Amino acid sequence: MKKFLFTIVAVLMAAPSFAQFSSGGFSLDEEHLYWGVRFGMNFSSIGGDVVKADKKRTGMTLGGVVGLRVTESTPVFLESGFYYTQRGAKTLEFKGLDAEKLNADDLKGHINYFEIPLLIKYGISTENNFAILPLFGPYVGFSLSKDSKYLKRSDMGFKLGCGLEWNNLYAEAFYQFGVVNIADKGSSHGKNLGINIGVNF
């Protein structure tokens, strides 16, 4: 985790250098198609009646996106992409299950997803080439690996947040809430608060 935090700090410190080599600033009136890379952190949890998070998990996200302006009259964009994202919980808590039958591996709640979002963004121009982009849309996740036999391999939910772009540099904060049951016992849903940074081209 220390190496992960160091990498984020290094990217933020290098932001002025990235800006010098950008293609000339961001303009909502000129952007029609873009693609980008994303790197960030998750603070995820699981809420449920039988299986839930005993401790939240801190994980990473790495991915690429592509966006398309869907109308000429207003700066509305449709964005999708592919993400590797570490979610779930650090450890799980169980209710109504025989604790003696649970081992250390059952208490782990790590789920690593291959995630695909479909987001609608609305661009708001500000001074000095800044743009604010509120975002909302669904996502689906397919587990690449999981620790607990009590958690399912797929997830689906919604993502709500806001992005900020300047000179091709991008940052966003978001919240994700699952709407399908991800537990084999009872009903449980994934929750995640995250931040991403990256570059758009």
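The analysis underlying the following values was restricted to heavy atoms, covering all of them including side chains, and did not include hydrogens, waters or symmetry mates. This one's a predicted model, so the numbers in the text were calculated from it and none came from an experiment.
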Does the [X] side chain pair with the main chain of [Y], one donor and one acceptor, at a distance under 3.5 Å?
| X | Y | result |
| --- | --- | --- |
| N200 | N168 | no |
| Q86 | M60 | yes |
| N167 | L169 | no |
| D106 | K149 | no |
| K146 | S148 | yes |
| S188 | I182 | no |

Cation-pi between K159 and F174: NZ/CZ under 6.0 Å from ring centre and within 45° of the ring axis?
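Yes, K159 sits over the ring of F174.
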Identify the heavy atoms of [X] and [Y] that sit nearest to each other, and give their distance.
| X | Y | answer |
| --- | --- | --- |
| A89 | A53 | CB-CB, 3.5 Å |
| A131 | L133 | O-CD1, 3.9 Å |
| K121 | E172 | NZ-OE1, 4.2 Å |
| L92 | G109 | CG-CA, 3.7 Å |
| V180 | M156 | CG2-N, 3.3 Å |
| G194 | N42 | CA-OD1, 4.2 Å |

Within a radius of less than 6.0 Å around NZ of K152, do more than 12 heavy atoms belonging to other residues, nucleotides or ligands occur?
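Buried by this count: over 12 neighbours within 6.0 Å.
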F82 CZ: over 12 foreign heavy atoms closer than 6.0 Å
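No.
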Check: K95 and D49 side chains under 4.5 Å, non-hydrogen atoms:
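A side-chain contact is absent here, since even the closest heavy-atom pair is not under 4.5 Å.
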Decide yes or no for D147 and L107: does some side-chain heavy atom of the first lie under 4.5 Å from some side-chain heavy atom of the second?
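In short, these two side chains do not touch, never coming nearer than 4.5 Å.
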How long is the gap from [atom1] on [X] to [atom2] on [Y], to the nearest 0.5 Å?
| X | Y | atom1 | atom2 | result |
| --- | --- | --- | --- | --- |
| T91 | H110 | OG1 | NE2 | 8.0 Å |
| S45 | K191 | OG | NZ | 4.5 Å |
| L164 | I124 | CG | CD1 | 11.0 Å |
| F43 | K56 | CZ | NZ | 10.0 Å |
| L151 | D184 | CG | CG | 7.5 Å |
| R153 | Y113 | CZ | OH | 10.5 Å |

From the options L144, I111, L62, T61, select the one residue that forms a side chain to side chain contact (heavy atoms under 4.5 Å, CB included) with T85.
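Considering L144, I111, L62, T61, a side chain to side chain contact (heavy atoms under 4.5 Å, CB included) with T85 is found only for T61.
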Go through the steps for S154 and V140 under the test side-chain contact (heavy atoms from CB on, under 4.5 Å), then give the verdict.
CA-CA 8 Å; S154 61; V140 293; over 6 Å; no
In terms of the angle between their ring planes, are W166 and F130 parallel, tilted or perpendicular, with boundaries placed at 30° and 60°?
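Ring orientation, 0 to 90° scale: parallel.
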Could you walk me through whether I120 and F136 satisfy the side-chain contact (heavy atoms from CB on, under 4.5 Å) test, starting with their C-alpha distance in whole Å, then the side-chain angles of each, then the deciding distance to 0.1 Å, before giving a yes or no?
CA-CA 6 Å; I120 295 176; F136 178 77; 5.8 Å; no
Checking ring pair (Phe, Tyr, Trp, His ring centres under 6.0 Å) for the pair Y83/Y139: CA distance, chi angles, key distance, verdict?
CA-CA 11 Å; Y83 289 86; Y139 70 87; over 10 Å; no
Could you go step by step and tell me if L68 and F77 meet the side-chain contact (heavy atoms from CB on, under 4.5 Å) rule?
CA-CA 5 Å; L68 174 68; F77 298 86; over 6 Å; no
Is it the case that S145 and N112 place a side-chain donor and acceptor less than 3.5 Å from each other?
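A donor-acceptor contact under 3.5 Å links the two side chains.
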How about Y170 and N196: does a side-chain donor come under 3.5 Å of a side-chain acceptor?
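No pair is found: no donor N or O on one side chain lies under 3.5 Å from an acceptor on the other.
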